[in-house]
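No hydrogens, no waters, no symmetry mates; every other heavy atom, side chains included, goes into these values.
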Amino acid sequence: MNAKGIEKLVAEAVENLRRRGALTTDTTPVVGRTKSEEHGDFTTNFAMIAAKLERKKPRDIAALLAAELSGHADIETAEVAGPGFVNLRVRGDAWVRGMDEALTAGESFGRLPPTGNAPINVEFVSANPTGPLHVGHGRGAVVGDALVRLLRAAGREVSAEYYWNDRGRQVRELGRSVWIRLHESLHGKLPPIEDENWYRGDYVKDLARDAASDARFAPETSASATSGPLAALAALGPDEPRFVEYGCDRMKASIIATLARLRVAFQHQTSERSIAATIEPFFSDLEARDLAYRDAGALFLRVEGREGEDKDRVVRKSDGEWTYFATDLLYHANKLDRGFGRLINIWGADHHGYIPRMHAGLAALGRDPKALEVLLVQMVNLTAGGQPVKMSKRSGDFVTLDELVDEVGVDATRYVFLTRRHDSQLDFDIELAKKKSLDNPVFYAQYGHARLCAILRRGAELLDTRRVPEPLRPLLAEGLGRTSGGAIIPPGALGLPEERKLARTLLALPDHVAEAAEALEPHRIVYFVQELSQAFQRYYTERWKRHADPVLPPARLDQPALAAWDWERTAARLRWIRAIRAAVRGALDIAGVQAPERMDRSDEGEREDEA
RNA sequence: GCGCCCGUAGCACAAUCGGAUAGUGCAGCGGAUUUCUAAUCCGCUGGUUGCAGGUUCGAGUCCUGCCGGGCGCACCA
């Protein structure tokens, strides 16, 4: 029972009207959730959209549709409102049925059936294997991974992919940097270096230190009894290609390990080196077809005038080296050749100028530029209690992703990265993300789940300690989900407006999944968790504090009071709470954030200022 | 100079292919409560959606022009 379901129902009604000749349009209706309670549960603007083609007044069409819909078994009321909306209110027992579906789906609630479309390739992170990932990469990683999970939940077939720039100048610099550090540890000082391009982070020292034990240097190290392995390696000189390979392999492994920690995984990794292997014939073919040409010793691809590009672009420099643009282009073509219908890329926002060039390049190749969709992820500013944390890249002194995860944990890292749309800047408050209090949104969401679990645990305890009157035990067992159909919980037992509203909220998860996948905006799932958690917390507190109507009987009740308790209502609410929990779990699963059964209260308690 | 992204409450952000009265958190002020995990909840304050036009039944959303912020315009990556 969600907007998609209602949409089908409205479409049927429209079809009926058409068959009877009351309407002629073939406009497909769109149904949305209402913002305001008084407008019912769902609304459609079909009448206003169709009005022009029908050449009728919107309200007249709306009246026809409303009359048709009000006959349906699931519809309580169908009313014409405003300029021509049809507002629908769904019957209470239809909500209860909807929750049964959610409970049957359990952990996988929110997942949509497969669309059967061509698979989607999502390429993200793809940071050069020349150093550890930093915080900005982390955001791209989490957004990309959540997007992959989201698209899968929405029934798409998705492959997550990492592209390694393991060729070209950047990695040559890494190889040279390894040599520089070898030289340093051998001679106690850096060799004379005429430029600033080498990588001077501490991780390179580690690479240099471990190089001697790497198998690919065995010929040198084993034959170096007198001078020592370090000297043997240093003698290879700064341009030794094995330094590059070695450095890349080590960095790749380290980057993948960091991402795995963050629960980010890839189905496929592509190496630029392997792409470059076929680049010669590819571009000479283009040259033969006059899609590329030589000028001043360089090879240019004809992209001028396409996708807003104002000049042709170099694919091979006059020094003979292929540009990254050339291999990137070939790589995207390669992905299309592998059968992907859509190529989604996640880039740092500073690369946005590259998008038109990529599109133009694809167009020049005769490919559909629209197949490549680029999501730009904006900057992350780290703060601690409102104060900016310095992230100077100078001398390799910047905050790595590993350090961030060490500091605040995987769940908080992921959650915070998903609290903003990808294209807006993000302030990441490290202090807040660590706090075990409710102004920390991660904590709030996880606590909400733990609380749902606590209620169900207590319900189970009541049953197991036999404090529930004998004849009513099957009912409670049903509410707790221990049986299915073992007892009938009357739909009317869950009749409060708040309960109905919350049912509507939780059953909207499949709609949110569909919409978020369509928009490529995983952050919406996090908003859903927040909304649902908050709605339940409000309900839970209000029921008890304001209405003296708790979900479970208070602990102090004696046996006669328990006998008089309304167990039917309790069973209905427990079932409903399980449905809420299924929705929270389903949503957190898409975000890749854990849903803990309990929060340990132990540490951190109070230790404010003691001054 | 040209191009791209963003301007929504004091701060940080939402807003379902253009839908009805623009929401949520934090901060501020006031309150509930002695329990089912209070690690809770409620109320109040706060807005000309940067500005000016346009498109239409209807605009935070689309178009044009300004203003402000960020970024990009290499035979760099």
What residue pairs, at least two apart or across chains, pass ring pair (Phe, Tyr, Trp, His ring centres under 6.0 Å) with a residue in residues 303-327 of chain A? Phe283(A)-Trp322(A)

Would you tell me whether Gln170(A) and Thr130(A) have side-chain atoms, one donor and one acceptor, within less than 3.5 Å of each other? no

How would you label the contact of Gln537(A) with the nucleic acid (heavy atoms, under 4.0 Å): base, sugar-phosphate, or nothing? sugar-phosphate

Going by the angle between their ring planes, with limits at 30° and 60°, are His512(A) and Phe528(A) parallel, tilted or perpendicular? tilted

Let me spell it out: for each of Thr541(A) and Gln378(A), pick the nucleotide of RNA chain B with the closest heavy atom. Which residue's pick is nearer the 5' end? Gln378(A)

How is Glu38(A) classified with respect to the nucleic acid when contacts are heavy atoms under 4.0 Å: base, sugar-phosphate, or nothing? base

Between the protein and nucleotides 27-31 of chain B, which nitrogen or oxygen pairs come in under 3.5 angstrom?
none

If you compare every side-chain N and O of Lys35(A) against the phosphate oxygens of A20(B) (OP1, OP2), does one of them come in below 4.0 Å? yes

What pair of heavy atoms forms the shortest contact from Val135(A) to Leu382(A), and how long is it? CG2-CD1, 3.8 Å

Can you tell me how the ring of Trp347(A) sits relative to the ring of Tyr354(A), calling it parallel under 30°, perpendicular over 60° and tilted otherwise? tilted

Hey, does the side-chain of Thr43(A) have a donor or acceptor N/O within less than 3.5 Å of a partner on the base of A20(B)? yes

Note on RNA chain B: ranges paired as stems (three or more Watson-Crick/G-U pairs in a row, both atom distances under 3.5 Å) are B:1-7 with B:67-73, B:10-13 with B:23-26, B:28-32 with B:40-44, B:50-54 with B:62-66

Give Arg420(A) one of three labels, base, sugar-phosphate or nothing, depending on what nucleic acid heavy atoms sit under 4.0 Å from its own. sugar-phosphate

Between the base of A14(B) and the ring of Tyr527(A) - centre-to-centre under 5.5 Å, planes within under 30° - is that a stack? no

Would you please classify the geometry between the His523(A) ring and the Tyr527(A) ring as parallel, tilted or perpendicular, with 30° and 60° separating the classes? perpendicular

How would nucleotides 72-77 of chain B be written as a contact map, 5' to 3', with B for base contact, S for sugar-phosphate-only contact and - for no contact, using protein heavy atoms under 4.0 Å? S-SBSB

Members of residues 566-575 of chain A that approach RNA chain B, where some heavy atom sits under 4.0 Å away: none

Counting just side-chain N and O atoms, does His523(A) come under 4.0 Å of either OP1 or OP2 of A15(B)? yes

Think Lys57(A) has a side-chain N or O under 4.0 angstrom from the OP1 or OP2 of C57(B)? no

What are the residues of residues 81-88 of chain A, sorted by number, that bring a heavy atom to within less than 4.0 Å of RNA chain B? Ala81(A), Pro83(A), Phe85(A), Asn87(A)

Can you tell which of Arg546(A), Arg504(A), Arg538(A), Arg543(A) makes a salt bridge (Lys or Arg N to Asp or Glu O under 4.0 Å) with Glu498(A)? Arg543(A)

Check every strand shown and say whether Val30(A) touches a base, only sugar-phosphate, or nothing at a heavy-atom separation below 4.0 Å. base

